[in-house]
Number of protein chains: 2
Amino acid sequence: MVTMKDVADHAGVSIATVSFVVNDTKPVTPATRERIETSMAELGYRRNAVARALASRRTRILALAYPVLERPLSTASVEFFTSAAAAASARGYHLVIWPVSNDGRELAELVGQRLVDGVLLMEVQLDDPRVEVLERSATPFALIGRTRDVTGICHVDIDFEATLHHAIDHLTDLGHRHLALVLGGKGERGYRTYGPFVRTAAAFEQAQIERDIHGRTVEVTWSDDPESLARQVFGEEGTDGPTAALVLNDHTALRLVTGARRTGRRVPGDVSILGLSAAPETGSLSDPPLTLMRAPGPELGHLGAEALIRMLEAEDPLPPRLVPCTFEAGGTTAPPPR
Amino acid sequence: MVTMKDVADHAGVSIATVSFVVNDTKPVTPATRERIETSMAELGYRRNAVARALASRRTRILALAYPVLERPLSTASVEFFTSAAAAASARGYHLVIWPVSNDGRELAELVGQRLVDGVLLMEVQLDDPRVEVLERSATPFALIGRTRDVTGICHVDIDFEATLHHAIDHLTDLGHRHLALVLGGKGERGYRTYGPFVRTAAAFEQAQIERDIHGRTVEVTWSDDPESLARQVFGEEGTDGPTAALVLNDHTALRLVTGARRTGRRVPGDVSILGLSAAPETGSLSDPPLTLMRAPGPELGHLGAEALIRMLEAEDPLPPRLVPCTFEAGGTTAPPPR
DNA sequence: CTGAAAGCGCTTACAG
DNA sequence: CTGAAAGCGCTTACAG
C-alpha cells in the first residue's frame, strides 16, 4: 500500500503538506501542489479511510438502522436503502446497514463501537426505545418516520394527512360518499403504534367529522385471503357497504382487487379501490392497474441522509419535512354505481 | 469516550493486558481478567472499531456492490441486502452498500480507500469489468452470480439449469409439450450478457434437444402491455401456440397472467404460466396465485457473505454453490386443454 | 507557505 | 502471565 509518507518522500515535502493538498485544507504553492499531485498520480496514492477517520475523529460512515421483521420490508422501505446510499455516496459518505432489534439493545452496542458518525432510523414507532438509545449516546441521528413527539428531532416522513385528503378528494370528486379505510398487518408486533397506521387512521376520523363522507375503518391481517378481505371491506354480497376503499398497503390493495372480483363485484364498476402510499411498480400488477398514491421513498431516503450529513458537517440544517404521496391514475377508481 | 487507557488505569494494568482480555487473544490470570472486566463494566467501555481496524489492518467491514440500474432492483436482489447484512452481523462484521457503475471506475475508487476487507458483487455480467478491478487491487471478493469463467473465483448463484428442468418437469407431467420461455428486459443495457438470461436460455435450448418438448423463446421489454405480451407469447387468438409459458421475471409473469385473460385465454384452463426465479410474495399477487420457482435470495446473500468472511478469517473455504429455486404450487398451471 | 511532532485508540511482536 | 513500546496512516495545532 502506498502511503502519504511515500508520496511525501517522492515529492520531497512533508506529509503535512501532502495532507494539505489531498484535503485542500491549507494554501499550498502551485509549484509544490503540482509536484505532489504528480507524485500521487505516479504512485497511485489513495487516502486511507480508516487512518483518516481515526485522526480526524470522523468516519464519514452513516448507518441505516432497520428492524428485523417477520415480513419482508416493503418496497418503499427498500427504496430508502438505495436512495440513502446514493445520497451518502454523493457527499463522500458510506452507508452501512444495521439490522437491529426494536428494543434498542443491539443499536446501543453498535453505536458504542463508534464506527459511524450518525444514524438514520427506519420504521419508527410512536415511542421508540431506539431513539432514547441514540439520544443517550449523543449520536447524531435523523428519523425516516416520526415518534409521538418530534420537537427538536431531525426527521422526514410521509405527510399522511395530505395524502389521505388528496385520495379522499379524488373519490368524492367521483361521487363517492361511503368510504372504507383498510389497514393491513393487524396483529403484527407494533401494529398499534406504527406511525403510518395511527396517523392515517386519525386523519380518516377527522375527515369524517369535517367532510361530507361516511367512513369505516377495517383492520385486516396478512393472512386474510382475497374473498375474506373483500367481505370485510365491502360487506356481504348484495348488502349496502362502502363504494370505495382506501388501502394502506400495496399487497393488501392488490389482493382486495382480486377479492372484489371473486365476490362478484366489478372494479371499478361496482367498487373503487385506491392504494395509499404504494410503490409505483405496484400499479401495473393488478387488472385493471391500481390507482394509487405513490410513496416518496426515494425522496425520503435522500432527504434523511442529506439532513443527517448537514448536521455532521455543521451546515445549514434541513428543516423537518413531510412529503405527501403523489396521485397516480390507474383503472381501479370510477364513479359509484347508479 | 472511555478508552482502553482509562480501563487500564482503573484496573491497574497495562493497555496490552486489557487488549488481551477484550479480544481473548492471550492467557490472562482469572484475577486480573476479573478486575479488568469489572472496570470495563463500571466505565462502560466499548472497543473503538476504527482504532482497532487501523492497528489490526482489518476493518471487519464488507461491501455489497450493486449496479445503479434504470429499473428498481428485483425483490430477490433486495433479499441479498438484508440477508448479507444479517450474515455479516452474526460474524461481527458490518456491511456497507455501494452503488457503483458497471465499468468498475467507482469500484476501483472505493476499494482504494481500504475501508472494506472484502467485496460482495451483485448482478454479475458474463464479462464484468468490476471483477478485473477487484483482482487487480487484490481485494478478496465473492460473486452472487457468475462470470463466464469462474475457475478459482469464489461465487454462489442460482442453479438455473436445475431450476429450469424442475419447471419443465412440472409442465410435462401435466401433459404440456409446447412451451414458451419468456425473458423480460429486452433492450436493457447488459441484457444479452446477463447471466440469468443467458444461462436459462441455453438450458432451454438444450432441453429441446434432449427432451420431448417443442419450445419457443420470447424476449419482451418492460414496457410491453399485458395484451401485447400475451400475443407475443401465445400467438394471436385462436392460433395454435405454446400451451405453457415459463417466465423469467416476476412482474412480467404477473402481467402475462393479466394479458392472457384479457385476450380471452383462461388461466390455467387454456394456458399455464409459471414464474421462474420469483420472490415468494409474488405468488399471491395474481389471480389465480402464480405457480413459481422461488428464488433462493436469502440463502445466496447468506452464503455469499459467509464465503467471503471465511476467506478473510482464513477458515475452511466454502466451495462454490449453485442453489436451485424451489417449486411453489400456485393456481396458474394445469393440464393443457383437450 | 511548509515542517516537526503529537496524537487519534488500538494491536502486536518482543522482553521479562 | 504482564508490560513497555513501536506502529497502523493519517490530521492538526503550533512554530517558523
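What you are looking at is a predicted structure, and each value in this text was computed from that prediction instead of being measured. In the text below, chain A, chain B and the rest are named by the order of the sequence lines, each starting its count at 1. Scope of the values below: all heavy atoms of this structure, side chains included, with no hydrogens, waters or symmetry mates.
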Colleague: NA contact type, A:S19, heavy-atom cut-off 4.0 Å: base, sugar-phosphate, or nothing?
Modeller: base
Colleague: Is it true that A:R148 and A:D127 have a side-chain N and a carboxylate O under 4.0 angstrom from each other?
Modeller: yes
Colleague: List the steps and the verdict of ring-ring contact (aromatic ring centres under 6.0 Å, His included) for B:Y66 and B:F80.
Modeller: CA-CA 10 Å; B:Y66 60 96; B:F80 297 152; over 10 Å; no
Colleague: Rounding to a whole Å, what distance do you find between A:R60:CZ and D:dT11:C1'?
Modeller: 10 Å
Colleague: If you assign A:G12 and B:V22 each to the DNA chain C nucleotide with the nearest heavy atom, which residue ends up on the more 5' nucleotide?
Modeller: A:G12
Colleague: Can you tell me how far P of C:dT12 sits from CE of B:M4, to the nearest Å?
Modeller: 11 Å
Colleague: How many Å lie between CD1 on B:I15 and C1' on D:dA5, as a whole number?
Modeller: 9 Å
Colleague: In plain terms, say whether A:E306 and A:R321 are close enough for a salt bridge, that is, a side-chain N and a carboxylate O under 4.0 Å apart.
Modeller: no
Colleague: With distance as the sole criterion, is a donor-acceptor pair present between the side chains of B:D128 and B:T147 under 3.5 Å?
Modeller: no
Colleague: Are a donor atom and an acceptor atom from the side chains of A:Y194 and A:E123 found within less than 3.5 Å of each other?
Modeller: yes
Colleague: So that I can tick it off, tell me whether B:R33 and B:D24 are bridged by a salt bridge, with the cut-off set at under 4.0 angstrom between side-chain N and carboxylate O.
Modeller: yes
Colleague: I'd like a table of atom pairs between the protein and nucleotides 14-16 of chain D - only N or O on both sides, under 3.5 Å - with the distance next to each one.
Modeller:
| from | atom 1 | to | atom 2 | distance (Å) |
| --- | --- | --- | --- | --- |
| D:dC14 | N4 | A:K26 | NZ | 3.2 |

Colleague: In residues 33-55 of chain A, what residues come within less than 4.0 Å of DNA chain C, judged by heavy atoms?
Modeller: A:L54, A:A55
Colleague: Using a 4.0 Å heavy-atom cut-off, does B:T29 contact any base of the nucleic acid, only the sugar-phosphate backbone, or nothing at all?
Modeller: sugar-phosphate
Colleague: When we call it a touch if two heavy atoms are under 4.0 Å apart, what does A:T32 touch: a base, just sugar-phosphate, or nothing?
Modeller: sugar-phosphate
Colleague: So, A:E313 versus A:Y93: side-chain donor-acceptor pair below 3.5 Å or not?
Modeller: yes
Colleague: To the nearest Å, how far apart are A:K5 NZ and D:dC8 P?
Modeller: 11 Å
Colleague: Working note: B:R60 + B:H94, criterion side-chain contact (heavy atoms from CB on, under 4.5 Å); need CA distance, chi angles, decisive distance, verdict.
Modeller: CA-CA 6 Å; B:R60 271 153 265 248; B:H94 292 273; 5.7 Å; no
Colleague: So for atom CZ, which belongs to B:R58, do other residues, nucleotides or ligands contribute more than 12 heavy atoms lying within a distance under 6.0 Å?
Modeller: yes
Colleague: Applying side-chain contact (heavy atoms from CB on, under 4.5 Å) between B:F141 and each of B:V131, B:L107, B:L120, report the one that passes.
Modeller: B:V131
Colleague: Check the distance between D:dT12's P and A:D24's CG and give it to me in whole angstrom.
Modeller: 13 Å
Colleague: If you measure from the Lys or Arg side-chain nitrogens to the Asp or Glu carboxylate oxygens, is any gap between A:E315 and A:R91 under 4.0 Å?
Modeller: yes
Colleague: Which dot-bracket string fits DNA chain D when only Watson-Crick or G-U wobble pairs with both atom distances under 3.5 Å count, crossing pairs get [ ], and | stands for a partner on a different strand?
Modeller: |||.||||||||.|||
